[in-house]
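Nothing fancy with the numbering, it's 1 onward along the sequence. The model shown is predicted, which means the values in this text are computed figures rather than measured ones.
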Amino acid sequence: MAVDESEMWPSDSTKYKVRAGVLFSVYVIYVAYAVATYAMFIRKSREKHSGLARRGIRLVTLQAAGCFFLGASGMVSTAVQHWPCFLKLWFAHIGFLLTFPAVAARAAQHIVVSKIHNTTNKVAGNISTAYAEPMPPGSAGTVSRWGGHATEYPDRHSSHVQHVAHRSSFSNMGFEMYDAATPTDLHTKGSFSRPHAAVHLTSSQHGTASDADMRRLRLYTRLQRYVSDRTLTLAVLGQLVVGLILALVINITDDQFKLSPMVMVCELVWGFLPIVGVVGVYVVLVMPVMLVRCWSLRDAYGIRNDLIVSIVVGGLCIIVTVIWETVLYHLALVWSGWFFTWLCAVSLHTVSITVPLWSAWRHSRDLAHRMHGASSVGSHKLGRRAEFDAIMANPLEYRLFCDFAASCFCSELTAFVDEYQTLKALAVDSMVSGDMWSAEDNQLEPGYLACMAGTVDAGVDYLTLAARAQAQTHTHGLHVRSPPTETILEAARRAYPDLDINDSTVFPAAAMDKLVTILGVFINSASWTAISLPSVLLLRIRDRLARSQLTLTILDEIREEILNMLYLDVFTRYSRDH
């Protein structure tokens, strides 16, 4: 429909000048708001425990840029009646083709990564000997027999401790000794010969991951490469390039959008229909499907909110703008329908940038004010660290904590804890056999060094470790209660008080393959389950491995760093939500 310019406000009228002045002032405030919050978002994302980096910084940047172009197009179109139609066309294409594909790409990434972490957490809980059997609901803690004395592990939600006798091998958090009163007959310091009478061992069924879980983990691990930041960024930019080519064609074929002579008053005609159709496909088809897929996932980073706002606000924006510019065109001559595009841009920017930034700031405040670290008075720990240790020592709540860690994309941290517990059980058990590995008599295979050097570029992930564990149907272990906060060296000293076990004691030969597999899966940079650790720590570990210094303490620094990461990051969020 042709635009009757006589119905517009005269550009020299007071009403027009007031409207333009007010709206441009609002636009300046919007620009300052968008730029400032995005800059703070990027800066905050560099903090180790903010969690913002896990939202996909590249995709968030593309979305923020798209919102900026949408906001500019909407507000300028509302503030002034005369500005080049080809600019409005290009701003609309750039804004819509950056914003909505970026949100959809972030949702796709969230689905795959969440499935990987959730499945990894499930597999880790099933295959780990340390946590194979869940604690009975309602029990507040466990009591393990050690030397005839009860050791209590309290539940933070209970005022007393229920004494639960666990007669299964490797109880839930470690391993227990059944007959602690039986003498060990280990009188010679430094001797690892098998005791004569002594420690009773039992055989138990090893927890195994289901074939369905393993298949799902393989599937989502293969999909990981297709939802990386780089791949999805290229996909979004590819759509943008196609859209810009389409805009160029429209520039050439439609007189309203030609560069010369420039048309200053635009109608919502067929030139805008292709981009409206693309956005409609995302809002009506793609995003609702992704929202359904995301709905059942524990969403620690709020992608569901982004999808809901994109569907609801984006859909209303398109519908209202089209109706406003066509059916209600008399109103559009006074107040442009593109104003609703600006509202859509503000809403999406707020939910994707400002709200997560506020959450990260609140998280940092909690770290500063609520977390007191592991302080102690005598033998009693104080502060939130004691609460964290209690969760780690409670089998039931630990698995709930693992589920929450998976929603924070931190399943590799709890998987390491699970595998460390299994390694601890295997190492202490193997010491009874006297089959000790010696750097003087044995050299590591080249494959071991390759795992730590990062030269293995394929097939190194949690599936490597899970497949090996699934192939082992039985294991042996001492029944010694040992929470993750206790090191392998400390557990070994408790199990063999008569032996001279110290920092230089090497791993038993039977535990060596398990140890190096853990190093390859969680430390090797080629593994997607590689844990982000300080470079100085990695260099020390690699140096010790290269010199074959595989003592019982080789993982201690890694274990402590990972527990600190769980405490400072995941536990803060977990304690706030529970």
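- The side-chain heavy atoms of L307 and V103, taken from C-beta on, include a pair separated by under 4.5 Å.
- By the 4.5 Å heavy-atom criterion applied to side chains, C294 and I303 are counted as neighbours.
- Contacts classified as side-chain hydrogen bond (donor to acceptor under 3.5 Å, both in side chains) and involving residues 276-295 (residues at least two apart or in different chains) are given here: Q239-Y282.
- Residues satisfying the ring pair (Phe, Tyr, Trp, His ring centres under 6.0 Å) criterion with F416, sequence neighbours excluded, are F522.
- Contact record, L357 with T37: CD2-O, 3.8 Å, taken as the closest heavy-atom pair.
- Contacts of R54 classified as salt bridge (charged side-chain N to carboxylate O under 4.0 Å, His left out), with partners at least two apart in sequence or in another chain: D569.
- Expressed to the nearest 0.5 Å, how far NZ of K44 lies from CH2 of W358 amounts to 11.5 Å.
- Counting heavy atoms from C-beta outward, L348 and D306 have side chains that stay 4.5 Å or more apart.
- The main-chain N or O of I353 is never found under 3.5 Å from a side-chain atom of R55 such that the two would form a donor-acceptor pair.
- Atoms OG and CZ, from S310 and R106 in turn, are 8.5 Å apart once rounded to the nearest 0.5 Å.
- A donor-acceptor contact shorter than 3.5 Å is absent between the side chain of T553 and the backbone of D556.
- The minimum heavy-atom distance linking A92 with L70 is given by the pair O-CD2, 4.5 Å.
- Y33 is linked by a ring pair (Phe, Tyr, Trp, His ring centres under 6.0 Å) to H349, counting only residues two or more places apart in sequence or in another chain.
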- [ ] Give the intermediate values and the outcome of side-chain hydrogen bond (donor to acceptor under 3.5 Å, both in side chains) for residues S228 and T231.
- [x] CA-CA 5 Å; S228 65; T231 301; 2.9 Å; yes
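- In terms of the ring pair (Phe, Tyr, Trp, His ring centres under 6.0 Å) criterion, F41 has no residue partners (sequence neighbours excluded).
- Separation of atoms CE (M214) and CG (L217) is listed at 6.5 Å; rounding is to 0.5 Å.
- By the 4.5 Å heavy-atom criterion applied to side chains, C408 and F404 are counted as neighbours.
- Panel note: side chain N394, backbone A390; no donor-acceptor pair is recorded below 3.5 Å.
- The closest side-chain donor-acceptor pair between D418 and Y398 falls under 3.5 angstrom.
- Once rounded to the nearest 0.5 Å, the distance linking CG of L240 with NE2 of H93 reads 10.0 Å.
- For N305, the side-chain hydrogen bond (donor to acceptor under 3.5 Å, both in side chains) test picks out no residue, with sequence neighbours left out.
- Among all heavy-atom pairs drawn from L98 and G66, the shortest one is CB-CA, 3.6 Å.
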Task: Worked check of side-chain contact (heavy atoms from CB on, under 4.5 Å) between V570 and F401 - done: CA-CA 8 Å; V570 181; F401 180 76; 3.7 Å; yes
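- The backbone N or O of R46 sits nowhere less than 3.5 Å from a side-chain atom of S50 that would complete a donor-acceptor pair.
- Here the side chains of E419 and V521 are not in contact, with every heavy-atom distance at 4.5 Å or above.
- Considering every non-hydrogen atom in both G71 and W342, the closest pair reads O-CD1, 3.4 Å.
- Within the 4.5 Å cutoff, side-chain heavy atoms of P356 are placed close to those of L52.
- Looking only at side-chain heavy atoms (C-beta outward), L555 and L515 come within less than 4.5 Å of each other.
- Counting heavy atoms from C-beta outward, L566 and F388 have side chains that approach closer than 4.5 Å.
- Taken to the nearest 0.5 Å, the OH atom of Y30 stands 9.0 Å off from the CE atom of M75.
- Under a 3.5 Å cut-off, the side chain of T99 and the backbone N or O of F96 do not form any donor-acceptor pair.
- Pairing each heavy atom of I42 with each of S45, the nearest pair is O-OG, 2.6 Å.
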Show me, pair by pair, the donor-acceptor contacts under 3.5 angstrom made by side chains of residues 108-117, not counting sequence neighbours?
unit_1	atom_1	unit_2	atom_2	d
Q109	NE2	V227	O	2.8
Q109	NE2	D229	OD1	2.7
H110	NE2	S114	OG	3.4
S114	OG	H110	O	2.7
H117	ND1	S411	N	3.2
H117	ND1	S411	OG	2.7

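- Looking at residues two or more places apart in sequence or on another chain, you find no side-chain hydrogen bond (donor to acceptor under 3.5 Å, both in side chains) involving Y220.
- In this structure, S482 and E486 approach most closely via the heavy-atom pair OG-OE1, 2.8 Å.
- The side-chain hydrogen bond (donor to acceptor under 3.5 Å, both in side chains) test applied to N118 returns no partner, not counting sequence neighbours.
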TODO: Apply side-chain contact (heavy atoms from CB on, under 4.5 Å) to the pair M287 and F100, showing each step before the final yes or no.
DONE: CA-CA 9 Å; M287 290 183 174; F100 287 89; 3.6 Å; yes
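- Partners of R216 by salt bridge (charged side-chain N to carboxylate O under 4.0 Å, His left out), not counting sequence neighbours, listed by chain and number: D213.
- Distance check: I531 CD1 to E561 CD gives 10.0 Å after rounding to the nearest 0.5 Å.
- Looking at K514, its side chain never comes within 3.5 Å of a backbone N or O of A427 through a donor-acceptor pair.
- S73 places no side-chain N or O within 3.5 Å of a backbone atom of F69 that could act as its donor or acceptor partner.
- Legend: residues meeting salt bridge (charged side-chain N to carboxylate O under 4.0 Å, His left out) with E557, ordered by chain and number and at least two apart, are R540.
- Comment: D389 engages R385 in a salt bridge, judged by a side-chain N to carboxylate O separation of less than 4.0 angstrom.
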Open item on the list: Please determine whether side-chain contact (heavy atoms from CB on, under 4.5 Å) holds for the pair L244 and W90, giving the CA-CA distance in whole Å, both sets of side-chain angles, and the decisive distance to 0.1 Å.
Closed with: CA-CA 7 Å; L244 294 182; W90 281 73; 3.7 Å; yes
- [ ] Before giving the answer on side-chain contact (heavy atoms from CB on, under 4.5 Å), spell out for R399 and N121 the whole-Å C-alpha distance, their side-chain angles and the decisive distance to 0.1 Å.
- [x] CA-CA 9 Å; R399 291 264 51 106; N121 175 54; 3.2 Å; yes
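- With sequence neighbours excluded, the residues forming a side-chain hydrogen bond (donor to acceptor under 3.5 Å, both in side chains) with T61 are Y38, listed by chain and number.
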